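It should be emphasised that the depicted structure is a prediction, and the values quoted were computed from it without experimental measurement. Basis for what follows: all heavy atoms, side chains included, without hydrogens, waters or symmetry-related copies. Note that the numbering runs from 1 along the sequence shown for the chain.
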Amino acid sequence: MKNSFGAVIVAAGKGTRMGTRESKQYLALGGKPIIIHTLSVFNRLPWLQELVLVTGAQDVPRCKSWVEEYGLDKVTAVIPGGNERQHSVFQGMKQLSSEWVMIHDGVRPFITPEEIEACRDAAMEVGASVLGVPVKDTIKQVNGQGLITGTPDRQSLWAAATPQTFRLSELLPVHEKAASEGFTGTDDAMLMEWAGYPVKVVEGKYSNIKITTPEDLEYAAFLQKRKGENVE
Ligand SMILES: Nc1ccn([C@@H]2O[C@H](COP(=O)(O)OP(=O)(O)OP(=O)(O)O)[C@@H](O)[C@H]2O)c(=O)n1
Ligand SMILES: C[C@](O)(CO)[C@H](O)COP(=O)(O)O
């Protein structure tokens, strides 16, 4: 359907950098698994037609029971992901029938409806969008010996986040082409850039963190407490 939107929440990673036995997307935050916080934000979007969760094959049953338990009624599929994030995105996209697809990391639970809607609107304007923030540090390019080989102009540097929003009819064939040519990107925008599509960056919040390493959990607990205090 024209201008229909689906979301793929990718949560099939191992969380190696977190170093916990439990994969980080299932760790408790404010009494609920992190992934449930993320899904709940998307589930509350009135204009979102379908919501697909991509998770570890062994975690599909418990994720399905959480979907029921937390009343996540927009979730249309809970499916196993792949060895790479790109593979998980591809599997999730194949479950969708919407015109547009928003891909979001399951470990970014502090995304806000306002940021998601800004991404939606920018994608409809340009064809594709990525939420990001201007970098605050000076970024260095460093060679294998640890020597600095360059300092890109900070004015042009943004840290890409998610959601990343595309037309399903454009992203799916690009994923297929990347798979056939062995091209791997660390985000979906990289694939679309590689294929020559324009992608607009939308300025988001620095609080849209990707929970990756142990210190992120401490910051996440602070953000969750602050969020709880802001509820009317
Ligand atoms: N094969 C993979 C790898 C990652 N992801 C998801 O992509 C998001 C961003 O990836 P990242 O933060 O790197 O998660 P992990 O790959 O689990 O972390 P690590 O690299 O530390 O193992 C996460 O929600 C993760 O679950 C996924 O669905 N499938
Ligand atoms: C997609 C992403 O979150 C954009 O910053 C990031 O590239 C994911 O990288 P990861 O290594 O899979 O966490």
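Within the 4.5 Å cutoff, no side-chain heavy atoms of Gln164 are placed close to those of Met192. In this structure, the side chains of Met124 and Arg120 come closer than 4.5 Å at one or more pairs of heavy atoms. Under the 4.5 Å side-chain criterion, counting only non-hydrogen atoms from C-beta, Glu176 is in contact with Pro173. Residues Leu191 and Gln86 meet the side-chain proximity criterion, which asks for heavy atoms closer than 4.5 Å. Counting heavy atoms from C-beta on, the side chains of Thr55 and Ile35 never come closer than 4.5 Å. The shortest distance between side-chain heavy atoms of Val10 and Val8 falls below 4.5 Å.
Judged by distance alone, the side chain of Ser129 and the main-chain N or O of Val201 form no donor-acceptor pair under 3.5 Å. Formation of a donor-acceptor pair under 3.5 Å by the Glu99 side chain with backbone atoms of Asn3 is found in this model. A donor-acceptor contact shorter than 3.5 Å is absent between the side chain of Gln25 and the backbone of Gly106. When atom types are taken as modelled, the side chain of Gln95 and the backbone of Thr76 share no donor-acceptor pair closer than 3.5 angstrom. For Glu193 (side chain) and Val199 (main-chain N/O), no donor-acceptor pair under 3.5 Å exists by modelled atom type. In this structure, Thr20 contributes its side chain and Glu22 its backbone to a donor-acceptor pair below 3.5 Å. No donor-acceptor pair under 3.5 Å is formed between the side chain of Asp59 and the backbone N or O of Ala12. A donor-acceptor contact shorter than 3.5 Å links the side chain of Lys24 to the backbone of Ile211.
Rounding to the nearest 0.5 angstrom, the gap separating the SG atom in Cys63 from the CD1 atom in Ile9 is 12.0 Å.
Atom NZ of Lys94 has more than 12 heavy atoms from other residues, nucleotides or ligands within 6.0 Å. The neighbour count for Lys200 NZ, taken as heavy atoms of other residues, nucleotides or ligands under 6.0 Å away, does not exceed 12. Around CG of Asn83, the count of heavy atoms belonging to other residues, nucleotides or ligands within 6.0 Å does not exceed 12.
Both tests do not hold together for Lys32 against Trp66: distance to the six-membered ring centre under 6.0 Å, angle to the ring axis within 45°. Remark: Arg62 qualifies as a cation-pi partner of Tyr26 under the 6.0 Å distance and 45° angle criteria applied to the six-membered ring.
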Practice task
In sequence, state the C-alpha distance, the side-chain angles, and the governing distance for Asn43 and Asp73, and then conclude on side chain to side chain contact (heavy atoms under 4.5 Å, CB included).
Solution key: CA-CA 7 Å; Asn43 202 72; Asp73 54 358; 2.9 Å; yes
Problem - CA sep, side-chain torsions, deciding dist, call: Leu223, Ile209, side chain to side chain contact (heavy atoms under 4.5 Å, CB included) - result: CA-CA 10 Å; Leu223 289 171; Ile209 61 168; 4.1 Å; yes
Practice task
Kindly determine whether Glu215 and Thr213 satisfy side-chain hydrogen bond (donor to acceptor under 3.5 Å, both in side chains), including the steps that lead there.
Solution key: CA-CA 6 Å; Glu215 50 278 342; Thr213 52; 2.5 Å; yes
Problem - Lys210/Asp216 under side chain to side chain contact (heavy atoms under 4.5 Å, CB included): CA gap, chis, key distance, verdict - result: CA-CA 8 Å; Lys210 181 167 67 77; Asp216 295 329; over 6 Å; no
Exercise for the section: Using the side chain to side chain contact (heavy atoms under 4.5 Å, CB included) rule, take Phe42 and Lys74 through it: C-alpha gap first, then chi angles, then the decisive distance, then the call. Expected result: CA-CA 8 Å; Phe42 283 82; Lys74 284 187 190 270; over 6 Å; no
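For the side-chain hydrogen bond (donor to acceptor under 3.5 Å, both in side chains) criterion with Arg85, the lone passing option out of Thr184, Asp187, Asp105 is Asp105.
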